[in-house]
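Written below as structure tokens is the structure these notes are about.
So that the names make sense, note that chain A is the first sequence line, chain B the second, and so on, each numbered from 1. None of these values were measured; they are calculated from a predicted model.
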Amino acid sequence: MKAFKRHTVTAALPYANGPKHIGHLAGAYIPADVYVRYLRSLEKDVIFVCGSDEHGTAIPNQAVKENTTPRAIIDKYHVQMRDCFKALGIAFDVYHRTSEPIHHKTSQEIFLTLFNKGLLTEEVSEQYYDADAKAFLADRYIVGTCPKCGHPNAYGDQCEKCGSSLSPRDLINPRSTLTGNVPVLRETKHWYLPLENYEGWLREWILKGHATDWKTNVFGQCKSWIDAGLQPRAMTRDLDWGIKVPLPNAEGKVLYVWFDAPIGYVSATRAFFEEVSSGKLEFAQPQRDFGTVKADDWKKYWQDEETKLVHFIGKDNIVFHCIIFPIMLHAHGEFIVPDNVPANEFMNLEGDKMSTSRGWSIEMHEYLEDFPGKPDVLRYCLLANLPETKDSEFTWKDFQSRNNNELVAILGNFVNRALVLTQKYFDNKVPAKGTLQPADIAALESLKGQPARIAQALELYKFREATAALMDLARLGNKYLADTEPWKLHKTDPDRVATILHVALQIVANLAIAAEPFLPFSAARINEMLNLQSRLWKDAGSDSLLAEGHALGVSGLLFEKIEDSVIEKQLEKLHAKKKLMNPVVAELTPLKSEITFDDFAKLDIRVGKVLSAEKMEKSNKLLKLLVDTGVDKRTVLSGIALHYTAEEMVGKQVTLIANLAPRKMMGIESQGMILMAEDADGKLRLLQPNEVVMPGAVVS
RNA sequence: GGCGCGGUAGCUCAGGUGGUUAGAGCGUUGGAUUCAUAACCCAAAGGUCGGGGGUUCAACUCCCCCCCGCGCUACCA
């Protein structure tokens with residue numbers, strides 16, 4: 001393994017359009033924090049950067065929803081996220097934001113470098129433009145009828161009903177959501193990064209260079225993308241919210257949010273060194289002594305081959321952090337690329353996907369409000385169950401059981417036992433170590449080896465294993481006490497008891513060191529109770545952290561039990577929130593603009609009968625139907641395979657648009673369109689006459 | 001459909017360049033114990049390692065096919 005001089009660790013910039021939930025914590029922030037705290041304990045030269053991602057079309061979108069300005073949105077959520085992270089002990093050296101001038105400057109510089117090196121291509125294409133709003137319309141601002149499922153309110157980038165990804169040009173009857181106008185096509189110029197030019201480099205770097213040290217899910221995902229063939233990707237957008245494209249004749253154009261967001265790591269680092277070197281801290285909060293620094297020192301962390309760059313992200317970000325951003329950095333020429341991207345999978349909640357918008361989530365601020373003083377409990381539960389190799393599951397019952405059976409019963413209990421016994425027998429002072437017996441020697445031996453076990457797991461990004469190894473240290477303590485039974489000896493052999501408690505207390509002191517990366521608040525409390533300064537990792541495993549006669553502090557309970565009622569309340573709250581967010585009447589689509597009778601009369605809608613049906617090969621949505629329309633028998637393709645089987649369609653009456661222009665799909669021509677009604681849950685239902693009518697019956 | 005990742009004890013998950021009795025925690029059962037937030041400690045029960053083929057002296061571990069879950073992707077006129 002390559003030896004590195006310093007580390008740059010990033011955690012995915014959270015998007016400032018809403019609160020973030022515990023799934024985000026499990027995906028990136030908690031493991032990143034544990035990793036960095038461990039490196040700091042090793043006295044490594046490390047910087048931990050993060051910040052709010054504040055550009056992109058969804059921010060103005062959210063502003064419209066909340067009836068306010070984009071600026072107000074990002075200010076609100078930036079502060080909320082920053083404060084929640086801090087309250088959870090996630091100790092960034094800098095928590096920046098992409099709306100800051102230094103970030104705009106950095107992003108523009110990088111864009112210009114790529115441009116000046118001739119690495120960007122210019123392309124003119126036709127995009128929708130709203131004449132009244134005098135603005136090109138971002139994909140999200142255009143709605144229209146989905147060409148695939150007929151949903152009348154599909155967005156320009158995606159139809160939320162059928163899930164297909166679209167481009168605005170695909171929409172039928174497009175409308176601007178800004179004004180309701182019909183947008184017109186207008187030519188616009190954009191700058192593209194030809195990703196395909198870097199395929200060879202990516203193959204070399206990832207497929208050859210990181211075949212063994214990257215997680216299988218990350219590596220597989222990258223391979224899949226590379227093998228599928230990369231394409232030019234637009235790095236600019238027509239939008240007024242974002243970073244201006246630093247070129248002449250580029251009014252109204254901003255950098256693509258996914259171009260500027262990862263650069264946020266760089267600008268955050270840059271801001272950090274500017275602030276620390278000038279002594280004016282705004283976003284920087286150095287978590288260790290960086291010594292004397294210069295504003296320019298950010299370059300060491302981004303441009304020196306001896307720096308190990310690690311991105312902590314969730315699996316949804318893999319392509320950006322492993323393909324696009326590295327290509328940007330590599331193409332620029334002066335930057336290093338990540339040594340590892342230990343992306344996690346997703347954490348589900350009580351059997352279902354976590355989703356803020358659907359109300360099925362535990363937001364960071366909700367947890368902090370409901371469980372004050374318990375950040376470590378959440379950290380522990382998430383760590384013990386991180387989605388490292390596959391999606392995992394958070395349940396409140398598991399939360400309770402981890403707290404009660406592990407934090408309270410094993411860790412808290414051991415610390416408490418050792419301290420209480422010392423208070424009882426030795427006036428709360430560390431007793432003298434006498435002659436060691438085999439049990440003592442064995443315990444100290446295990447103690448000595450445990451930090452290495454934890455460290456080894458952490459170096460390999462196996463946080464769950466590391467967390468379990470930490471708990472094993474507390475188990476070791478409990479077993480030691482159970483085996484030596486000092487409470488039975490204190491009348492007959494006080495010297496022996498002194499030795500035993502001396503050893504037990506050394507284990508407690510070690511727990512403070514080992515637990516610090518995982519449970520920083522609890523580690524600090526243990527030190528408080530021991531009346532001890534916090535120590536570094538190099539001291540972990542030592543049998544002499546506490547001197548004989550050292551006076552201990554005031555002890556108390558590290559963790560408290562969580563009752564069933566608390567858990568039940570959370571479950572109720574969760575279900576109530578879901579109901580609130582998903583009212584029975586789902587978001588109804590607004591009425592379309594008025595049409596004349598003649599418009600309607602153009603449609604030839606009639607009832608037909610399905611004569612036969614079969615699943616389209618190589619498709620999982622399409623059914624191929626043979627429909628008797630009365631006047632003819634024709635083939636109609638319909639995207640209903642997820643809702644109806646071929647068998648159950650046969651013999652059914654259907655309503656179809658019979659004079660719709662034929663369209664080829666998957667090599668077969670469809671001559672008509674079956675009408676469906678979609679329920680709130682997204683399920684499609686056939687539109688049928690309430691009594692059987694003859695095939696060909698006209699609907700009017 | 002294609003591609004990627006996964007499918008191991010009741011639950012949450014480890015593991016393996018193929019090789020003696022497949023692991024942990026929780027849960028369950030039994031025992032021991034009382035210093036400790038009735039916690040700790042010991043022990044036991046519990047798995048045809050998704051299904052079916054194949055390679056091999058030997059496969060849970062390699063190969064092929066199939067099924068299931070998750071994600072990306074194509075198709076819903």
Side-chain angles (χ1 to χ4, degrees), chain A residues 145-151 159 161-165 172 215-225 227-228 315-316 318-319 345-346 348 353 384-395 397-398 401-402 404-410 412-425 462 464-465 467-469 471-472 474-475 477-483 485-488 490 497 500-501 504 557-561 615-623 636-643 656-657 659-674 676 684:
Chain A
T145 302
C146 175
K148 323 216 163 167
C149 68
H151 171 51
C159 171
K161 295 275 171 165
C162 64
S164 43
S165 60
I172 301 163
K215 292 171 62 162
T216 50
N217 57 336
V218 176
F219 184 85
Q221 191 72 230
C222 291
K223 186 171 187 309
S224 178
W225 274 88
D227 287 346
K315 68 175 164 186
D316 49 332
I318 290 174
V319 63
E345 302 281 308
F346 286 155
N348 293 325
K353 227 168 276 197
N385 202 13
L386 286 184
E388 287 178 334
T389 55
K390 56 185 164 190
D391 289 356
S392 70
E393 172 98 9
F394 179 97
T395 65
K397 194 168 166 291
D398 180 69
S401 126
R402 296 246 182 230
N404 292 357
N405 301 328
E406 297 178 30
L407 290 176
V408 173
I410 297 175
N413 185 35
F414 168 63
V415 172
N416 190 235
R417 296 171 83 181
L419 291 174
V420 166
L421 286 167
T422 307
Q423 280 159 26
K424 270 191 184 167
Y425 303 151
K462 294 183 171 180
R464 244 185 353 218
E465 187 181 321
T467 306
M471 202 45 76
D472 282 342
R475 287 199 170 89
N478 277 319
K479 182 165 166 51
Y480 175 68
L481 287 182
D483 289 348
E485 300 183 302
W487 49 89
K488 280 188 175 170
H490 80 278
V497 176
I500 292 167
L501 287 182
L557 297 177
L558 269 184
F559 304 99
E560 56 185 21
K561 287 205 153 203
K615 184 113 192 299
M616 281 284 283
E617 247 178 83
K618 298 191 175 186
S619 162
N620 54 6
K621 287 181 186 163
L622 286 177
L623 286 186
V636 178
L637 302 186
S638 185
I640 55 174
L642 297 175
H643 308 276
L656 79 158
I657 300 182
N659 62 338
L660 193 62
R663 159 117 173 194
K664 245 188 180 179
M665 282 178 288
M666 315 274 319
I668 303 233
E669 186 167 274
S670 177
Q671 301 161 313
M673 171 168 162
I674 308 288
M676 310 290 295
L684 296 180

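The distance from atom NE2 of A:His490 to atom CD1 of A:Ile500, rounded to the nearest 0.5 Å, is 12.5 Å. One finds the CG atom of A:Leu558 at 11.5 Å from the CZ atom of A:Phe414 (value rounded to the nearest 0.5 Å). Rounded to the nearest 0.5 Å, atoms CG (A:Leu637) and CD (A:Gln671) are 9.0 Å apart. Rounded to the nearest 0.5 Å, atoms CG (A:Asn413) and CG (A:Leu557) are 9.5 Å apart.
Map A:Trp225 and A:Arg464 each onto its nearest nucleotide of RNA chain B; the residue landing nearer the 5' end is A:Arg464. Each of A:Glu345 and A:Asp483 was matched to the nucleotide of RNA chain B holding its nearest heavy atom; the match closer to the 5' end belongs to A:Glu345.
To the nearest whole angstrom, the two C1' atoms, one in B:C65 and one in B:C75, are 26 Å apart. To the nearest whole angstrom, the two C1' atoms, one in B:A59 and one in B:G15, are 15 Å apart. Of the C1' atoms belonging to B:C62 and B:G2, the separation is 24 Å, rounded to the nearest Å. Taking atom C1' on both nucleotides, B:A45 is separated from B:G10 by 12 Å, rounded to a whole Å. A gap of 15 Å separates the P atoms of B:A36 and B:C40, to the nearest Å. Taking atom C1' on both nucleotides, B:G47 is separated from B:G23 by 11 Å, rounded to a whole Å. Rounded to a whole angstrom, the distance from the P atom of B:U21 to that of B:C67 is 35 Å. B:A14 and B:G25: their C1' atoms are spaced 10 Å apart (whole Å).
A distance-only check finds no donor-acceptor pair linking the side chain of A:Glu406 to the backbone of A:Met471 [under 3.5 Å]. Remark: side-chain polar atoms of A:Asn385 are not paired, donor with acceptor, to backbone N or O of A:Ser392 under 3.5 angstrom. The main-chain N or O of A:Val408 is never found under 3.5 Å from a side-chain atom of A:Lys561 such that the two would form a donor-acceptor pair.
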Sort me out a list of protein N/O and nucleotides 31-33 of chain B N/O pairs below 3.5 Å, or just none if empty.
none

Scan nucleotides 36-38 of chain B against the protein and return all N/O pairs shorter than 3.5 Å with their distances rounded to 0.1 Å.
residue : atom : partner  : partner atom : Å
B:A36   : OP1  : A:Lys424 : NZ           : 3.2
B:A36   : O3'  : A:Asn416 : OD1          : 3.4
B:A36   : O2'  : A:Asn413 : OD1          : 2.9
B:A36   : O2'  : A:Asn416 : OD1          : 3.2
B:A36   : N3   : A:Asn413 : OD1          : 3.4
B:A36   : N3   : A:Asn413 : ND2          : 3.4
B:A36   : N3   : A:Arg417 : NE           : 3.1
B:U37   : N3   : A:Phe559 : O            : 2.6
B:U37   : O4   : A:Phe559 : N            : 3.3
B:U37   : O4   : A:Phe559 : O            : 2.4

Under 3.5 Å, which protein N or O atoms sit close to an N or O of nucleotides 28-30 of chain B? Give each pair with its distance.
none

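Ranking B:C26, B:C72, B:U12 by closeness to the A:Arg402 side chain, first place goes to B:U12. Checking B:C5, B:C40, B:C41 against every side-chain atom of A:Lys479, the shortest atom distance belongs to B:C41. Closest contact between the side chain of A:Ser224 and the listed nucleotides B:C70, B:C3, B:G7 involves B:C3.
Distance, A:Leu481 CG to B:A39 P: 18 Å, rounded to whole Å. Atom-to-atom, NZ of A:Lys390 to C1' of B:G6 comes out at 6 Å; the value is rounded to the nearest Å. Between the P atom of B:C13 and the CG atom of A:Asp398 lies a distance of 9 Å, rounded to the nearest Å. Summarising the geometry, the separation between NZ on A:Lys462 and P on B:C13 is reported as 16 Å, rounded to the nearest angstrom. Nucleotide B:G15 holds its P atom 7 Å from the CD atom of A:Glu465, rounded to whole Å. One atom, NZ of A:Lys223, and another, P of B:C3, lie 11 Å apart when rounded to the nearest Å. Going from atom CG of A:Leu421 over to atom C1' of B:U34 covers 11 Å, rounded to whole Å. Between A:Asp316 atom CG and B:C5 atom C1' there is a gap of 15 Å when expressed in whole angstrom units.
The number of heavy atoms from other shown groups lying within 6.0 Å of CD (A:Glu393) is above 12.
Looking at residues two or more places apart in sequence or on another chain, you find no ring pair (Phe, Tyr, Trp, His ring centres under 6.0 Å) involving A:Phe219. Scanning for side chain to side chain contact (heavy atoms under 4.5 Å, CB included) contacts around A:Asn659 gives A:Asp604, A:Ile657, with sequence neighbours left out. Residues satisfying the side chain to side chain contact (heavy atoms under 4.5 Å, CB included) test with A:Thr422, not counting sequence neighbours, are A:Phe426, A:Pro431, A:Leu501, A:Leu505, A:Leu552. Evaluation of the side chain to side chain contact (heavy atoms under 4.5 Å, CB included) rule for A:Asn405 yields A:Ser401 as partners, not counting sequence neighbours. Listed by chain and residue number, A:Glu345 satisfy the side chain to side chain donor-acceptor pair (under 3.5 Å) test with A:Asn217 (two or more places apart in sequence, or in another chain). Residues passing the side chain to side chain donor-acceptor pair (under 3.5 Å) test with A:Glu669: none are found, sequence neighbours excluded. For A:Phe346, the side chain to side chain contact (heavy atoms under 4.5 Å, CB included) partners are A:Lys315, A:Asp316, A:Asp391, not counting sequence neighbours. With sequence neighbours excluded, no residue forms a salt bridge (Lys or Arg N to Asp or Glu O under 4.0 Å) with A:Arg417.
The side chain of A:Thr389 contributes no N or O atom lying less than 4.0 Å from OP1 or OP2 of B:C5. Between A:Asn348 and B:C70, a side-chain N or O to OP1/OP2 separation shorter than 4.0 Å is absent. Residue A:Asn405 places at least one side-chain N or O closer than 4.0 Å to OP1 or OP2 of B:G27.
Heavy atoms of A:Glu406 sit under 4.0 angstrom from primed sugar atoms or phosphate atoms, though from no base atom. Nucleic acid contact for A:Glu393: sugar-phosphate only, since backbone atoms but no base atoms lie under 4.0 Å from a heavy atom of the residue. Contact annotation for A:Ile674: no contact, since no heavy-atom pair falls under 4.0 Å across all strands. Contact annotation for A:Ser392: backbone-only contact, meaning every heavy-atom pair under 4.0 Å involves sugar-phosphate atoms and none involves a base.
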- Dot-bracket for RNA chain B, please, read 5' to 3', with Watson-Crick or G-U wobble pairs under 3.5 Å on both distances, ( ) within the strand, [ ] crossing, | other strand, . unpaired. (((((((..((((.....[...)))).((((.........)))).....(((((..]....))))))))))))....
